[in-house]
Amino acid sequence: MKKKVIDDISRIVGDEFISTRPDVLLTYTQSASMASDPIMPGAVVRPANKEQVCEILKIAGENKIPVTPRSGGSSLQEEVIPEPDGLVVELMRLKEITLHKELRSVTVGAGVTFGELEKYLKEHDLLLPVYPESALVCTVAGNVSVNGAGPGSSLYGCIGELVLGIEVVLPDGTIITTGSEANPNASGPYQRYSFGPDITGLFIGSLGSFGIITKVSMKVYKRYKFYDYNTYGFETHEQSEHFMVDIKQHDINGIFTSLYEGPVLELFMDMIGEELGIPAHEWPFSTVSMTIGSVREDLMKSDAKLAKKLCVKNGGHVIGISQLPKQEWNGRLWFFVRACYVHGWHWRTLYHHQTPTNAHQSVEVIRKAMDKYGFLGHTAGFVSGHSSFNAYPHLYFDPQDPEDEQKIRDAHKELAKALFKTGAVPFKMAEYWSDAIEGMDSYMALLELVKKTIDSQKIMSPRKLGGI
Amino acid sequence: MTEVDLEELMENLAQCRRCGICRDAVYEKMGFDGVCPVWKNTAGFETSFMRGRIQVAIALIEGRLEKTEENAESLYTCTLCGSCTSICAAEFDPAKCLESVRQVLNEIPNETRDTIAKKIIENNNPYVDENKTRRNWVKEVGFDIPSTGEVLYFTGCTAGLKLPETAISTAKVLKAAGVDFAVLEDEPCCGSVMIRTGMVVEAKENAEKALDMILKSGAKKILVTCAGCLKTLREDFRERFGLDMPEVLHVVEYLQSLITSGKLKLKKSDKTQKITWHDPCHLGRALGVYEEPREVIKAIPGLELVEMNTNKEAAMCCGAGGGLRSYDSGLAKKIAADRIRDAEDTGAEILATACPFCEHNLKDGAASIESNIKVVDILDLLAQRLE
Amino acid sequence: MDHSVVQKLTAIVGEEFISTRKDVLLTYSASASTSYDPVIPGAVVKPADTQEVSEILKIANEHKILVTPRAGGSSLQGEVIPKKDGLVIDLLRLTEIKVYQDLRSVTVGSGINFGNLDKFLNQYDLWLPVYPGSSLSATVVGNVAVNGSGFGSPKYGCIAELVLGLEVVLPNGEIIQTGSEANPNAPGPFLRYAFGPDLTGLFIGSLGVFGIITKVSLKIFKRMHHFDYNTYGFETPQEAEKFILQCKENEISATWISIYEGRILDFFLEMVGEEYGVPQHEWPPFTVSMVIGRVREDQLVSDSKAAKEICEQAGGHVIGIVELPREEWNDRMREFVRSSYIHGWHWRILYHHQTLSQWHRTLEEMWPIFDEFGVLGHTAGFQSGHSSYNYYPQIYYDPQDEEDEGKAKAAHKELAKRLFKTGAVPFKLAPYWVDGITEMEPYLEFLKGFRKAIDPNNIMSPSAIPRIEGEGE
Ligand SMILES: Cc1cc2nc3c(=O)[nH]c(=O)nc-3n(C[C@H](O)[C@H](O)[C@H](O)COP(=O)(O)OP(=O)(O)OC[C@H]3O[C@@H](n4cnc5c(N)ncnc54)[C@H](O)[C@@H]3O)c2cc1C
Ligand SMILES: Cc1cc2nc3c(=O)[nH]c(=O)nc-3n(C[C@H](O)[C@H](O)[C@H](O)COP(=O)(O)OP(=O)(O)OC[C@H]3O[C@@H](n4cnc5c(N)ncnc54)[C@H](O)[C@@H]3O)c2cc1C
Ligand code: SF4
Ligand code: SF4
């Protein structure tokens with residue numbers, strides 16, 4: 001990167017907060033994404049506020065330098081891998097939190113993680129009821145940028161559904177606020193759908209391609225006081241899948257509803273069952289693990305009772321092991337990370353959404369890929385909103401065996417194609433999806449038009465979103 | 001075992017999935033309110049916490065990053081406090097690995113590291129030329145202390161040379177408890193800092209010398225007041241160098257039973273003061289000694305123990321460890337000041353710890369922000385309250 | 001309109017479905033928006049399906065003909081008034097409905113109104129739980145295009161929150177499907193946030209400026225059969241606001257919540273009280289009329305009890321008159337129309353969202369303006385989602401008195417300005433807001449950028465959203 005550019009940016013953020021040292025740059029060549037090729041950026045800058053972000057983007061624009069916004073760096077699908085000699089804008093210094101209690105909302109800076117927010121909201125007896133499983137490291141803004149989901153989504157949907165508005169710095173340095181806060185007189189965020197077309201949505205899942213989000217405003221809720229944890233066993237796919245639909249249809253507050261195939265659950269339990277104090281059990285063909293949460297006890301009890309009834313109605317049986325859902329929910333900020341890393345394998349994931357009644361299709365497609373390529377792995381998932389199911393397949397490989405890694409990369413690519421054919425959809429439009437997508441030309445053309453309109457120079461994360 | 005098994009080390013380093021939780025996780029359930037003190041108190045680039053350090057380490061070892069002093073900086077701007085290890089979900093110990101990396105890469109120039117090692121080898125301590133002065137404090141305790149005996153008080157370099165009050169207090173307390181103990185004539189350094197900074201060959205040489213002197217004194221039990229000495233003598237001597245050591249105890253571990261058995265009598269007090277406890281990394285996270293010092297404090301009349309926001313497994317570090325105090329004293333002090341603020345937040349008047357190295361750095365930190373909190377060693381507290 | 005263009009259009013839809021007759025055009029010159037000047041278009045065309053819409057737009061684009069998409073024609077803020085000699089595309093022939101029971105969703109064509117859909121879903125014991133007051137004429141797609149809300153919104157938010165995806169024809173004729181159905185293999189609509197950025201939202205509240213929505217997919221739910229109706233009285237607005245906030249926080253499943261100021265309620269009941277069988281009552285300064293709805297009876301019993309407790313904690317008292325909320329709810333597809341038209345006045349409306357806790361602010365601004373301008377009117381509204389309140393002040397005028405109408409217009413304009421200053425937001429970006437909007441240039445510029453990119457010839461509903469049009473307008 002040209003020295004003049006570096007000097008100009010230094011003037012904005014101070015020498016301390018920009019680096020071009022090879023050791024520092026090296027640590028920005030990658031993220032939590034495994035089996036991905038590192039790419040060396042030209043500089044990393046850590047702005048303190050939106051004004052600095054704005055000035056930085058102006059300079060990047062003038063010099064046509066590709067920019068990659070970065071926050072937690074925990075993304076798994078290469079979303080935050082920078083451009084060669086590009087500029088990484090790391091946003092972790094934007095740490096502000098403003099609570100709007102009477103609006104039931106909170107505004108957080110791009111550097112605030114779910115863990116930090118959880119602590120803050122807890123003091124007010126509130127919660128942001130969607131927790132990606134990487135909650136201790138990933139930021140709310142970063143999760144909005146990838147449109148994530150996690151524990152809590154079974155009731156509230158993906159993170160996109162909780163957004164009330166954002167503050168974003170566009171590639172040309174313009175700062176806009178969306179939602180009700182677009183009105184500078186507004187007392188805070190209270191309505192996303194204000195002022196005509198919803199432009200908030202454009203930035204949800206945008207992977208940084210349209211600008212840098214400096215703040216997001218989210219709905220918050222009163223914390224649950226009463227919980228029911230239970231496991232439900234089924235003998236066929238249809239039974240467990242229809243149970244999941246029934247739960248939603250009957251207005252049961254299942255805040256986290258996961259589905260495990262027998263062998264997958266056995267594998268998990270082998271790895272961490274004991275650590276989590278989950279009793280040994282002959283798990284059935286498929287198991288639904290559900291946490292019901294409510295602010296009122298009688299509602300929770302009524303839900304729990306009905307859930308059992310619906311389980312039996314669908315041909316299942318109530319297993320009664322509460323430790324699994326309890327650990328999933330209570331340990332939601334850490335449990336899954338542990339489950340991901342307790343074994344020695346590295347893995348690639350292939351996040352996607354299915355319909356709940358199609359969950360078995362993901363399992364089948366993945367099993368086929370495993371057989372064909374001969375690798376280990378698994379998939380499980382959870383209800384992720386009104387009628388979707390978030391599956392997170394893991395494809396294992398030995399990190400020190402390049403051949404093994406290549407195999408996984410190939411399998412992964414093929415798997416994305418096969419999943420697309422089952423009707424699955426990504427929620428993070430990672431690069432590998434662009435090969436898998438067929439029959440969506442006009443959609444991609446519109447996306448490209450949006451990109452061109454907002455970022456005519458294509459400086460923002462140019463390879464992301466299928467390289468539009 | 002002074003040699004690092006490189007293959008095993010690389011395998012361990014590969015366990016890092018770059019998830020980044022070791023940066024600033026806030027997780028009440030495990031007590032965390034932030035993780036890496038260095039990340040928090042620097043410009044905060046990825047190189048300032050474990051995820052980045054590991055990437056740099058791997059790249060240096062694999063030769064993808066040139067082995068220069070600057071490129072290796074992030075390996076040394078780490079207190080090895082182990083906070084990252086406590087929260088890491090993967091099956092390896094990142095802080096311990098980093099220690100091994102320092103050893104594997106110890107050909108990379110680092111003047112601070114080399115100077116300390118040289119001083120210790122030459123002088124038996126990292127601070128002064130004349131090691132014998134470290135026993136000067138004995139003159140001030142008012143009774144004689146032999147240099148041989150079954151119970152050895154191993155003072156440590158910092159207490160001996162920088163904070164003799166702690167040594168004096170310890171002597172008084174032990175005496176009051178009816179313990180006959182000895183202090184070596186020309187006490188050597190435990191070599192902790194050499195191990196931490198990767199100078200393991202030198203450390204081994206030093207350890208053998210130290211053990212020899214200890215054994216010559218007739219010691220069956222070694223008491224220490226320094227958390228660093230404790231970990232080194234109790235754990236590293238055996239595990240790394242295969243040395244057969246007598247039992248090593250921190251005085252707080254030893255005292256707990258003396259207090260409960262009533263051997264040590266303490267003055268009553270009619271006013272209560274709030275006190276908070278800083279867990280030294282080498283005492284707490286490294287060896288799991290959390291309760292003993294708390295029990296001791298609770299047994300002291302007139303003190304009310306309040307916990308800091310982060311404590312025990314999740315305690316923030318004082319900033320001195322891992323050679324950081326020598327490598328970047330400014331940063332070490334900044335971290336200490338941060339810890340002082342944690343202590344102030346509890347409303348305590350006193351911040352107690354059980355490691356002269358922590359105490360020394362925390363005092364500097366307190367001074368740097370003009371804090372009024374009193375930083376003391378737990379033994380000073382006890383000594384003041386002896387009947 | 002140029003004859004050759006009309007011919008081309010005729011070739012697409014057939015003679016029956018295009019008209020340039022004066023009488024016909026006249027009926028498309030206005031909508032339910034009173035106090036807006038009628039404008040005679042050049043032609044009206046009624047396509048049968050998406051393909052025809054696409055072809056029509058290609059022609060319009062080629063000839064730079066100004067297009068106004070029109071569905072129910074029930075909009076109140078001039079949104080659907082066409083351009084002189086422009087083309088109205090009436091979308092009522094697209095009447096497909098497809099239900100996906102497993103996916104808990106439905107897809108409807110742009111000609112389906114809420115009444116049609118409700119009847120259809122009722123067969124399955126399902127519903128789309130947001131009903132605008134104009135349900136019997138407003139189409140679902142039209143309501144998405146204006147981002148409306150209505151009965152059911154206290155629990156489910158505005159209509160936008162129920163959208164799972166849509167099919168839209170861009171001004172150049174390109175057909176786009178958003179949401180999970182963008183995947184041609186998808187079994188139906190099940191997720192809005194698929195394939196990266198949410199493109200669906202761009203068309204919600206777009207008033208037709210980015211293209212014509214031919215289908216929309218929405219979340220549907222099992223129909224509720226258990227309801228509790230009640231009224232709650234309060235001495236101050238803050239108490240009433242607090243009551244509602246706490247009901248929301250405590251998971252009270254209210255499908256309808258309306259706060260009435262005493263004098264407005266009296267006025268309202270004078271008009272429809274008897275018709276609805278609402279007993280005489282000395283209404284308190286503030287009354288909350290609330291409907292709690294549940295799928296299960298035990299949930300309802302619990303909610304109803306909890307609501308009473310919360311009311312008393314908030315300093316209010318349970319009035320116990322059930323007829324008001326019950327009739328509002330049961331007649332939800334017509335009630336609002338009835339009460340709007342039972343008297344002889346015409347009115348201008350000023351839809352906006354206020355924060356729930358600032359409910360009183362709108363009234364504080366409204367009454368003095370009414371006095372100042374010497375107009376009559378009132379406002380009603382309802383709680384509309386997570387923490388907002390949907391207001392619709394109506395300013396009355398005598399339709400046969402121009403001066404009176406002028407006063408209403410002036411008051412309307414001033415009210416928009418002052419409401420903006422209270423932090424209120426429009427949800428339909430109607431023209432009169434634009435005068436009230438200050439310090440939002442970058443925002444409008446942003447929209448303008450899209451407008452230019454998606455519709456370079458500026459043919460779609462020009463001036464529907466003011467200040468976002470490019471040159472050449
Ligand atoms: C163990 C583990 C478990 C996980 N589980 C889940 C899970 O359950 N659910 C889930 O959704 N994800 C999960 N993830 C993935 C990851 O945590 C999410 O993608 C997360 O949202 C990324 O947030 P981040 O702050 O780390 O963003 P980064 O990784 O830094 O960036 C992610 C993307 O967003 C862009 N971006 C970041 N910040 C901004 C900004 N301020 N403005 C514009 N663009 C920006 C980046 O350019 C990049 O494209 C998991 C990850 C790990 C390691
Ligand atoms: C008595 C009464 C009560 C009302 N109560 C409510 C209420 O409670 N809540 C509420 O939200 N509204 C209410 N309205 C307003 C009105 O009914 C809504 O705005 C309604 O959604 C309009 O739908 P429509 O089908 O009539 O659309 P139209 O009036 O035909 O069009 C409305 C707007 O959408 C555009 N449009 C229409 N169809 C399409 C399409 N297919 N693609 C792109 N753009 C399109 C038009 O160009 C226009 O800008 C009420 C109206 C009346 C008369
Ligand atoms: S050291 Fe552990 S916590 Fe830190 S990034 Fe690596 S795996 Fe994650
Ligand atoms: S050992 Fe301590 S200082 Fe070093 S990286 Fe880990 S947390 Fe940071």
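Every chain is numbered from 1, with letters handed out A, B, ... down the list of sequences. Bear in mind that the values here come from a model prediction, so they are computed numbers and not experimental data.
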Measuring heavy-atom distances to chain A, does [X] have an atom under 4.5 Å in its side chain, in its backbone, in both, or in neither?
X	value
C:Tyr100	neither
C:Leu356	neither
C:Asp298	side chain
C:Leu202	both
C:Ala306	side chain
C:Phe446	side chain
C:Phe195	both
C:Ile252	both
C:Thr200	neither
C:Leu447	side chain
C:Lys242	neither
C:Asn183	both
C:Ile454	both
C:Gln177	backbone

Who among C:Met440, C:Glu161, C:Glu174 has the most heavy-atom pairs with chain A under 4.5 Å?
C:Met440
C:Ser388 and A:Gln191: side chain donor to acceptor below 3.5 Å
yes
Can you see whether A:Ser294 engages C:Glu251 through a side-chain donor-acceptor pair at a distance of less than 3.5 angstrom?
yes
For a side-chain contact (heavy atoms from CB on, under 4.5 Å) check, start with the C-alpha distance between C:Asn185 and A:Thr422, then their side-chain angles and the critical distance, and finish with the verdict.
CA-CA 6 Å; C:Asn185 308 298; A:Thr422 67; over 6 Å; no
